[in-house]
A.B. asks: 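So that we are looking at the same thing, I have put the structure below in structure tokens.
These numbers were taken from a predicted model, which means no experiment stands behind them. Below, chain A is the first sequence line, B the second, and so on; all start at residue 1.
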Protein chains: 2
Amino acid sequence: MATPLEKARKDPNSMKARILKVARRMYGEYGYHGTTTRMIALEVGIDISTLYYHWGEKTDLYESVILDINNDLRNKLIEVEKVIHGRPLARRLGIAIDMVTDYLFECPEISNLVLFQYFRKTRKEPNLDFHVPDFISDIARSMDLCKTGESIPTSASMRVLAMMNSIHNFISGENFFREMLKLKREEYIDHVKETLEFMLIPAFNGGSQGQTDINQTDIRR
Amino acid sequence: MATPLEKARKDPNSMKARILKVARRMYGEYGYHGTTTRMIALEVGIDISTLYYHWGEKTDLYESVILDINNDLRNKLIEVEKVIHGRPLARRLGIAIDMVTDYLFECPEISNLVLFQYFRKTRKEPNLDFHVPDFISDIARSMDLCKTGESIPTSASMRVLAMMNSIHNFISGENFFREMLKLKREEYIDHVKETLEFMLIPAFNGGSQGQTDINQTDIRR
DNA sequence: ATATAATTCCATCAAATGATGGAAACACAT
DNA sequence: ATGTGTTTCCATCATTTGATGGAATTATAT
């Protein structure tokens with residue numbers, strides 16, 4: 001119960017938690033420089049100084065937001081792994097795509113912030129944690145890209161990144177793409193899942209030979 | 001010779017062109033709100049009012065930048081299409097990945113700005129052109145996702161978007177991913193191409209049956 | 001009820017930022 | 001050389017933005 005983040009997670013109705021929730025959405029929507037502390041405070045319905053009282057500087061709040069969404073995503077992936085454990089690879093992928101996509105469409109700020117974290121610079125760099133996230137190794141193992149116990153090869157990390165980013169892209173780009181393609185939300189979500197299956201299943205399933213039948217008949221429409 | 005953009009394109013040494021070039025890089029690196037007109041002017045080595053003299057408001061300059069990179073990308077894709085025309089699908093994809101990746105690694109601001117355009121909101125929305133870019137249809141046809149003359153189905157658009165975004169992701173995320181994986185630039189580029197081939201070729205080549213041999217033996221390592 | 005601590009808001013600051021008017025410098029034709 | 005139009009810079013504004021001190025309010029313990 002040391003950090004403000006832990007306090008916020010303990011009581012979701014606390015002011016800290018309310019601010020954090022809005023900050024996630026706003027930072028996700030407008031990015032770091034595009035979001036002002038006043039915008040967040042206004043949306044929460046409090047004075048700006050209350051925000052500073054709880055979270056300190058703007059960068060501190062942003063870092064907490066990043067930690068928070070990374071934590072949520074990690075938990076979700078662990079949950080998914082429990083569900084798909086033991087099934088054949090193509091089936092695992094299909095379920096994982098389905099679950100992760102549904103989850104991220106409910107919390108699109110996660111995809112926004114993950115991509116933002118990867119792609120954009122801030123004027124003064126507060127970037128600290130330049131390490132391979134642990135869940136990338138977990139996913140790699142779950143996708144049979146490397147054996148348990150072994151250290152994960154670079155190409156496996158790259159493939160996991162490619163997979164995760166493909167998903168994030170469609171979540172994060174929803175507004176733009178949906179408007180472009182004139183789709184309703186549900187239609188769009190279905191198309192996203194179909195497209196992800198189209199791209200990911202042949203690639204990852206093709207690696208381990210002799211299962212192409214599963215791929216063709218069981219998963220794809 | 002009406003718009004400032006056309007003037008800038010005519011003479012690459014003109015002040016307009018010099019400003020545009022720097023603006024592309026800065027906007028790409030820090031995003032719209034993360035880039036100030038002073039940052040751009042400072043980098044060019046001119047006074048801020050000179051920038052306003054040539055390009056007007058900040059949003060105007062940004063819009064010109066977007067038009068400029070869309071134009072460059074479109075031209076490159078046309079060039080690629082000429083090279084790959086007539087070859088077998090898997091080969092076309094391999095060459096296209098190679099050429100487009102090389103190009104974007106030379107002009108990473110294009111990937112940055114394309115993704116920025118898709119994902120991020122600005123506080124006041126200047127978004128105008130919410131139409132399917134013409135080159136998406138061209139790519140779809142080039143990838144055998146629809147026949148010439150036909151209107152392009154939604155799923156084909158989605159697949160093209162997925163493909164393009166996969167490439168942009170690795171360009172745009174270079175700093176983050178390379179640091180994470182401790183790779184030299186050349187190593188990283190090779191890994192990117194390999195990963196893209198791994199993901200894209202089975203998917204797009206598998207769609208048209210009976211060519212899996214080409215896929216397995218000719219392109220992938 | 002009262003003292004103490006935690007929370008919230010009001011007023012305000014300094015710096016950063018988008019933007020402009022006008023003087024100076026420059027280019028160039030006559 | 002002179003005049004004309006273009007380009008560049010200096011000085012300056014009005015807002016916006018991150019941030020804080022201190023008063024007022026609320027909660028909590030005794």
A.B. asks: Provide, to the nearest angstrom, the distance between the OH atom belonging to A:Y53 and the P atom belonging to C:dA11.
C.D. replies: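 It works out to 21 Å between those atoms.
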
A.B. asks: Which whole-number value in Å describes the distance from B:Y30 OH to C:dT17 P?
C.D. replies: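 Value for this atom pair: 12 Å.
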
A.B. asks: May I have the distance from A:M15 (atom CE) to C:dT8 (atom C1'), rounded to whole angstrom?
C.D. replies: 8 Å

A.B. asks: Not counting sequence neighbours, which residues clear salt bridge (charged side-chain N to carboxylate O under 4.0 Å, His left out) with B:D72? List them please.
C.D. replies: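 If we apply the salt bridge (charged side-chain N to carboxylate O under 4.0 Å, His left out) test to B:D72, skipping adjacent residues, the hits are B:R24.
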
A.B. asks: Looking at residues at least two apart in the chain, or sitting in another chain, which of them share a salt bridge (charged side-chain N to carboxylate O under 4.0 Å, His left out) with A:K16?
C.D. replies: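 Counting only residues at least two positions away or on another chain, A:K16 forms no salt bridge (charged side-chain N to carboxylate O under 4.0 Å, His left out).
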
A.B. asks: Can you list every side chain to side chain donor-acceptor pair (under 3.5 Å) pair that touches residues 37-52 of chain B, not counting sequence neighbours?
C.D. replies: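 Residue pairs with at least one partner in residues 37-52 of chain B: B:R25-B:E43, B:T37-B:Y52, B:D47-B:S49.
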
A.B. asks: Any donor-acceptor pair under 3.5 Å linking the side chain of B:H33 with the backbone of B:R123?
C.D. replies: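 Looks like yes, one N/O pair under 3.5 Å.
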
A.B. asks: Answer with base, sugar-phosphate or nothing: what part of the nucleic acid does A:T35 contact at a heavy-atom distance below 4.0 Å?
C.D. replies: sugar-phosphate

A.B. asks: Rounding to an integer number of Å, can you tell me how far B:L51 CG sits from D:dC9 P?
C.D. replies: 11 Å

A.B. asks: Determine: side-chain N/O of A:T50 to OP1/OP2 of C:dT7, distance under 4.0 Å, yes or no.
C.D. replies: no

A.B. asks: Applying salt bridge (charged side-chain N to carboxylate O under 4.0 Å, His left out), name anything that partners A:E187, two or more places apart in sequence or on another chain.
C.D. replies: none

A.B. asks: At under 4.0 Å between heavy atoms, how does the protein contact nucleotides 19-28 of chain D? Give one character per nucleotide, 5' to 3', with B, S or -.
C.D. replies: BBB-------

A.B. asks: Looking at residues at least two apart in the chain, or sitting in another chain, which of them share a side chain to side chain donor-acceptor pair (under 3.5 Å) with A:E29?
C.D. replies: B:K121

A.B. asks: What residues, two or more places apart in sequence or in another chain, satisfy side chain to side chain donor-acceptor pair (under 3.5 Å) together with A:N165?
C.D. replies: none

A.B. asks: Going by the rule ring-ring contact (aromatic ring centres under 6.0 Å, His included), which residues pair with A:Y118 if we only count those two or more places apart in sequence or in a different chain?
C.D. replies: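 A:Y118 satisfies ring-ring contact (aromatic ring centres under 6.0 Å, His included) with B:F176, B:F177 only.
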
A.B. asks: Could you identify which residues of residues 19-29 of chain A place a heavy atom less than 4.0 Å from some atom of DNA chain C, listed by residue number, or say none?
C.D. replies: none

A.B. asks: Quick one: which residue pairs count as a side chain to side chain donor-acceptor pair (under 3.5 Å) with a foot in residues 98-107 of chain B, not counting sequence neighbours?
C.D. replies: B:D98-B:K193, B:D102-B:K193

A.B. asks: Who are the salt bridge (charged side-chain N to carboxylate O under 4.0 Å, His left out) partners of B:R92, not counting sequence neighbours?
C.D. replies: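 For B:R92, the residues satisfying salt bridge (charged side-chain N to carboxylate O under 4.0 Å, His left out) (neighbours in sequence not counted) are B:D144.
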
A.B. asks: Tell me whether the side-chain N/O atoms of A:H54 come closer than 4.0 Å to OP1 or OP2 in C:dA6.
C.D. replies: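 Checking C:dA6 against A:H54, no side-chain N or O comes under 4.0 Å of OP1 or OP2.
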
A.B. asks: Can the positive tip of A:R159 be found less than 6.0 Å from the middle of the six-membered ring of B:F198, inside 45° of the ring normal?
C.D. replies: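 Yes, A:R159 and B:F198 form such a contact.
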
A.B. asks: Between the protein and nucleotides 23-26 of chain C, list every N/O to N/O distance that falls short of 3.5 Å.
C.D. replies:
none

